[in-house]
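In this chain, residues are counted from 1 in sequence order.
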Amino acid sequence: MHSLYWRIFLAFWVALALILVGTVTVAVSATAHRTDRPWVQRGQLYAQAARAFESGGPEALKSWLQSLPAEPLGRTFVVEPAGRELLGRPLPLSLSGARDAAAAPRRRAGGTSAGAIAPIGGALVLLAAGGGTYHVVIGPVRGSPRLFGELELQVCHLRCWRSPSG
């Protein structure tokens, strides 16, 4: 085993085995936690909301919303045709379409326009028998929709800190 050839040969196969073990570990972990992903949970919640609305209309939709556990309930909103949230909660700033400060007091007061909903990934629109629409909106886990939001913030801060006009 003093030959350079055998050392390189053995190092290559050990590295290959480590890469294989790491890949299998990551794949098993990703499939085990697949239902924890926000987009999978969003699809499941949309399906449940549609079934509840089809079975009993707005009343069933409201009871479905109230029966949700605390985590999805905190980021799941149903906006009535009148523009108010079904449980009377204000929409978070990350889910409303108007991003300016002048529209913030109206939203915080509990009112919003149904046309101003702009969630990331879209909303489920349910059509009632009378022609009104109910928007089921499921907000993001975090306020920032960016993939590298924290990194972008750090780079921007560093760039602004180093600039002479500062």
Nearest heavy atoms of [X] and [Y], plus distance in Å:
{"X": "Phe77", "Y": "Pro90", "value": "CE2-O, 3.8 Å"}
{"X": "Ala49", "Y": "Leu61", "value": "O-CD1, 3.7 Å"}
{"X": "Ala128", "Y": "Phe53", "value": "CA-CZ, 3.8 Å"}

*Mind jotting down which residue pairs meet the side-chain hydrogen bond (donor to acceptor under 3.5 Å, both in side chains) criterion with at least one end in residues 48-69? Sequence neighbours excluded, please.*
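Every side-chain hydrogen bond (donor to acceptor under 3.5 Å, both in side chains) pair that includes a residue of residues 48-69, provided the two are not neighbours, is Gln48-Trp64.
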*Keeping the roles fixed (side chain from Glu85, backbone from Val78), state whether a donor-acceptor pair exists under 3.5 Å.*
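Confirmed, Glu85 side chain pairs with Val78 backbone.
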*Spell out, yes or no, whether Leu87 and Leu126 are grouped together once hydrophobic residues are joined by side-chain heavy atoms under 4.5 Å, including indirect joins.*
yes
*Give me the ring orientation class for Trp13 and Phe9: parallel if the planes are under 30° apart, tilted from 30 to 60°, perpendicular past 60°.*
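Aromatic pair Trp13/Phe9 classed perpendicular.
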*In a check of side-chain contact (heavy atoms from CB on, under 4.5 Å) between Thr23 and each of Val26, Val21, Thr25, Ile19, which one passes?*
Ile19
*side-chain contact (heavy atoms from CB on, under 4.5 Å), paired with Val79, selected from Leu91, Val136, Thr133, Leu86*: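 Filter result, single survivor: Leu91.
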*Distance (rounded to the nearest 0.5 Å) between Arg89 CZ and Leu73 CG*: 5.0 Å
